[in-house]
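One structure below.
Heads up: numbering here begins at 1 and tracks the sequence. Remember, it's 1-based here, ligands and their atoms both numbered in the order they're listed.
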Amino acid sequence: MAAARRPLLAGNWKMNGLSTSIAELARIIEGFDAALSARVDLLVCPPATLIAAFAERAKGCKVAIGAQDCHFEAAGAFTGDLSAEMLRDAGASAVIAGHSERRAGHGESDLLVRAKAEAALRAGLLAIVCVGETKAEREAGRTLEVVGRQLAGSVPDQATPQGLVLAYEPVWAIGSGLTPTPADVIEVHAMLRAELARRFGEKARATRILYGGSVAPRNAAGLLKAAEVDGALVGGASLKASEFLSIAKVYLET
Ligand code: PEP
């Protein structure tokens, strides 16, 4: 990983957590000490119902709070949706766009993901744009083609390294306990960076590319220390402070 890119560990809590979960956030905050926060950025993305309370608890601490999705409009007649501006107002500083569970479960296209990422940039949120191939696509040897197409379609033209993070999340690795080899991850990340460089020039070098999919304490070192991997999007293991922090501690090892 290039020295200029500060690693990011983003925890995606998905549809998990009640008001009592603030105790788990407190454990994350307490464990994220000066040594860790000197090495890595930490972000927790709880369900939207908890963003305001989590942001209040995290105020003045090094742990940032994010959201898992947003609407692309700033306001209007969109029952049940939340805009990037609302999420920011609630205390979020980042939002995930195009997670595979939304692409698959809610039919989100690259075009829609791009509009959501644009909304995040408009509202001053860090957009974490997810891409990743299915098992069938990998087995058909189409990983680079699929992920490259998602990148081209989902990343806004006005993206900057400060405003956008990419997350490579093979769909088959999410929640399955399966992971690609570090070499497989490096191959995809190198392609993503080359594509970013082709489109955005030199500044692509500063854009963080995370790996996501069954990252856990047992496999974190191998995945996070791979070249071109600038951190992780972590699902299940981010729900427990001890596991999330033990993944972060990979960055204390030299
Ligand atoms: C995710 O939801 O983005 C994810 C990577 O989940 P998990 O770590 O549980 O595979």
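- For Gln68 (side chain) and Lys14 (main-chain N/O), a donor-acceptor pair under 3.5 Å exists by modelled atom type.
- Near Gly236, meaning under 4.0 Å from any of its heavy atoms, are these atoms of ligand 1: 7 (P), 8 (O), 9 (O).
- Salt bridge annotation for Glu139-Lys135: present, with a cationic side-chain nitrogen under 4.0 angstrom from a carboxylate oxygen.
- Contact annotation: the side chain of Leu210 never approaches that of Leu9 to less than 4.5 Å [non-hydrogen atoms, C-beta and beyond].
- For ligand 1, the atoms sitting less than 4.0 Å from at least one non-hydrogen atom of Asn12 are 1 (C), 2 (O), 3 (O), numbered in the order shown with element in parentheses.
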Please lay out, stage by stage, how Gln150 and Tyr168 fare under the test side-chain hydrogen bond (donor to acceptor under 3.5 Å, both in side chains).
-> CA-CA 10 Å; Gln150 290 175 333; Tyr168 167 53; over 6 Å; no
Between Phe244 and Trp13, does a ring pair (Phe, Tyr, Trp, His ring centres under 6.0 Å) hold up when you go through it step by step?
-> CA-CA 11 Å; Phe244 199 33; Trp13 279 27; 8.7 Å; no
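- The ligand atoms of ligand 1 that sit less than 4.0 angstrom from a heavy atom of Leu233 are 3 (O), 5 (C).
- Remark: the backbone N or O of Cys130 is paired with a side-chain donor or acceptor of Arg103 at under 3.5 angstrom.
- Considering backbone and side-chain atoms alike, Ser176 places every N or O at 3.5 Å or more from each N or O of ligand 1.
- Which parts of ligand 1 touch Gly175 is read off a 4.0 Å heavy-atom cut-off, strictly below it: atoms 7 (P), 9 (O), 10 (O).
- The single protein non-hydrogen atom nearest to atom 1 (C) of ligand 1 is His99 NE2, 3.2 Å, given as residue, atom name and distance.
- Under a 4.0 angstrom heavy-atom cut-off, Gly213 registers as being in contact with ligand 1.
- Of the possible donor and acceptor atoms, none in the side chain of Ser21 sits under 3.5 Å from a partner among the backbone N and O of Glu24.
- Compare Lys14, Glu169, Gln68 by their heavy atoms: the one nearest to atom 3 (O) of ligand 1 is in Glu169.
- With a 4.0 Å heavy-atom cut-off, ligand 1 is reached by the backbone of Ile174 and by its side chain too.
- Remark: minimum distance from atom 8 (O) of ligand 1 to any protein heavy atom is reached at Gly235 N, 2.8 Å.
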